[in-house]
Each structure stands twice: as structure tokens, then as C-alpha cells.
Asker: 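Next up is a structure, given as C-alpha cells.
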Protein chains: 2
Amino acid sequence: MDATTAAGFDAFAQSCPSRQLLETIGDKWASLTIVALGLGGRMRYSELSTRIAGVSQKMLTQTLRNLERDGLLTRTVTPSVPVRVDYELTPLGSSLLEPICHLKLWAEAHMAEVNKAREEYDRGKGRAVTP
Amino acid sequence: MDATTAAGFDAFAQSCPSRQLLETIGDKWASLTIVALGLGGRMRYSELSTRIAGVSQKMLTQTLRNLERDGLLTRTVTPSVPVRVDYELTPLGSSLLEPICHLKLWAEAHMAEVNKAREEYDRGKGRAVTP
DNA sequence: CGGCATCCCGAGGGATACTG
DNA sequence: CAGTATCCCTCGGGATGCCG
């Protein structure tokens, strides 16, 4: 199918697992959901909806389906009178939690620098625009 | 600025740096670019274009601008007759490389499980459709 | 060579309303 | 409560073409 993976290793070929992972965690709601479940353990749909501020139910449902499909979380339906659905990370999902938290730590440690860099960049490049 | 990082920590408020980081690494080309520069050191525009298969020059340029704005890489113009432009990670960018590589390692270790889970999920859910 | 500018299409994703 | 379905609009991002 591909001759691209020959030399060294291309994380850049489309077939590389790195690309596939980016599809997953690149979805902002997916990573937030994983972190939410990592902190909260087993959670109901409505709990997640409340916890992850700003997500629409469409996106939440879609995200949960994708993560379930990827085997990162389980969906448990309790057929009581008001239906109850719980979501929980699988061991696989929990293992993904760790590298994600590394990113989170980086963010908390360095986002101030990033924001400062942005401001400087915007000042420097914005000179020619306003007369 | 925010009280979110204090207790338990809400990665879920919009103001949280986690969200902002997701904006950055959520862009698939951004993370690939960072990894490329992490492996290749200083690279020219055309080198990056070749290395990161599938990226359009529009997206590559846009990605490089964003990363430069964030202070993650430097853009060096050598005004020779054919203009030469080099990109290189800043220390800040290099520090981001580490958590990204954690993700990369996770992907290489677990993507097979994910793919298997996907196949099973697709088989299980497809039964009701075809009569 | 490197990179903006333009056009343009299709997917992403929010708001709303309905169902079991 | 936990979705599913529909509408609809934004914008990501590829193709193409022009500058310094």
C-alpha cells in the first residue's frame, strides 16, 4: 500500500498510528471527555454535559460514540424508568489519560509564555495595518 | 486570572490553558510540524513540505505562522538571491516535543487495540441494518 | 524559492425540535 | 433522562494563480 514507511520512520505517512491518534485527541471534546472521566470515574451523560462546559449534546453524544468505538470507554445502560446511562474509562482509556495529562501539565507550565509570545508577535506585525 | 487551576482543576472552563493548548496541538499539522522539526532540527520550508506528506502549502504556511506566533519556533530569512527561509524549534517548542512524544509512544503501543475495538464495534452495531 | 491572495466546496458543529 | 433527527451556517482547507 505504501512505500513511505521504509526509511527511518515517518510519523508523517498517513498510515502511521500517530496520525490516527491525532484524529482522536485532536478532537477537543474527546480529550476533555477523557480527562473528565479520568477525574470523575463513572459518570452519567448529564454529568458529563454539565462538567464539560460549552459542549452541545450533539457533539457530546458523537464524541462518546467515537470513544466507545475506539474501546476507550464503556457505555452502560440501566433500563430504569428514567433511563440511566453511565460512561466509564476502560483500562485502555485510562492509559491514554497519562500522556494527555503530560500535555496538560505542559500547558499549565508554559501557556503564559505562549500568550506573551503571541502578544509580542501581534504587536510587531500589526504596525503596518493601522494608519 | 482564573481560579480554575487552584483546586481539583477544571480543564473544562474555556479560560483554562488546557483548552488553549488543544487549539494548538489539536491542529494535526501543528503537531506533525513540531515533531518534524524536533527530529530534523533546522529545516527549510521546502524540506518541511516534503517531509510532512499531504500538507498543502497554505496549511503549512498557516501552521508555521501560528507556531511562530506562539513562540514555539523561529523563522529565519536569508535574503540570498533565491530566498532561503529556515525554521527551528525554540526551547519552548522543544519542551512541547516531549509530551507530544509521550502521545506518540502511546499511539504506537496501543493503536492496534484501538483498531481491533473499532472492528468489533462496527461488526456488532451493523447487525440490525442488513436484513 | 517562499508565500500571500482568491475561489470554492464539503465537512464540522451549533440550535432546535421530536422520541422512547 | 438520553438520545436521534433536521436545519443551516460557518470555516477548514485544497487548487490555482500571482508577487518579491
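For the numbers below, each heavy atom of this structure counts, side chains included, while hydrogens, waters and symmetry mates do not. Note on naming: letters A, B, ... go to the chains in the order of the sequence lines (proteins, then strands), and numbering restarts at 1 for each one.
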Asker: B:Leu48 has an atom CG; how far is it from atom C1' of C:dG3, in whole Å?
Answerer: 14 Å
Asker: Reading nucleotides 10-20 of chain C from the 5' end, what letters show protein touch, with B for base, S for backbone sugar-phosphate only, - for no heavy atom under 4.0 Å?
Answerer: ---BBBBB--B
Asker: Quickly work out the B:Leu60 CG to C:dC1 P distance and round it to whole Å.
Answerer: 15 Å
Asker: Begin from the C-alpha positions of B:Arg69 and A:Val114 and carry the test side-chain contact (heavy atoms from CB on, under 4.5 Å) through to its verdict.
Answerer: CA-CA 8 Å; B:Arg69 191 173 97 101; A:Val114 170; over 6 Å; no
Asker: Could you tell me whether the side chain of A:Ser94 and the main chain of A:Leu89 form a donor-acceptor pair under 3.5 Å?
Answerer: no
Asker: B:Tyr87 OH to C:dC1 P: how many Å, rounded?
Answerer: 15 Å
Asker: Determine to 10° how strongly the helix from C:dC1-D:dG20 to C:dG20-D:dC1 is bent, judged from the axes of its five-pair ends.
Answerer: 40°
Asker: Under 3.5 Å, is there a donor-acceptor pair between the side chain of B:Gln62 and the main chain of B:Met59?
Answerer: no
Asker: Answer yes when B:Lys104 and B:Glu108 have at least one side-chain N-carboxylate O distance shorter than 4.0 Å, and no when they do not.
Answerer: yes
Asker: When you measure from the side-chain N and O atoms of B:Ser46 to the phosphate of C:dG2, is any distance below 4.0 Å, counting only OP1 and OP2?
Answerer: yes
Asker: Test A:Leu64 against A:Leu48 for side-chain contact (heavy atoms from CB on, under 4.5 Å), laying out the working first.
Answerer: CA-CA 10 Å; A:Leu64 289 168; A:Leu48 285 167; 3.9 Å; yes
Asker: Quick one: does any side-chain atom of B:Thr90 pair with a main-chain N or O of B:Leu72 as donor and acceptor, under 3.5 Å?
Answerer: yes
Asker: Would you tell me if any nitrogen or oxygen in the side chain of A:Tyr45 comes within less than 4.0 Å of OP1 or OP2 on D:dT4?
Answerer: no
Asker: Is the backbone of B:Pro82 close enough, under 3.5 Å, to the side chain of B:Ser80 for a donor and an acceptor to pair up by distance?
Answerer: yes
Asker: Holding to side-chain hydrogen bond (donor to acceptor under 3.5 Å, both in side chains), I want the full list of residues that pass it with A:Arg118, two or more places apart in sequence or in another chain.
Answerer: B:Asp70
Asker: Name the nucleic acid region contacted by A:Arg44, choosing base, sugar-phosphate or nothing; use a 4.0 angstrom heavy-atom cut-off, strictly under.
Answerer: sugar-phosphate
Asker: Can you check the B:Asp86 CG to C:dG2 P distance for me, whole Å?
Answerer: 8 Å
Asker: With a cut-off of less than 4.0 Å, is there a side-chain N or O of A:Arg75 near OP1 or OP2 of D:dA2?
Answerer: no
Asker: Would you say the side-chain atoms of A:Tyr45 pair up with the backbone N or O of A:Leu60, donor to acceptor, closer than 3.5 Å?
Answerer: no
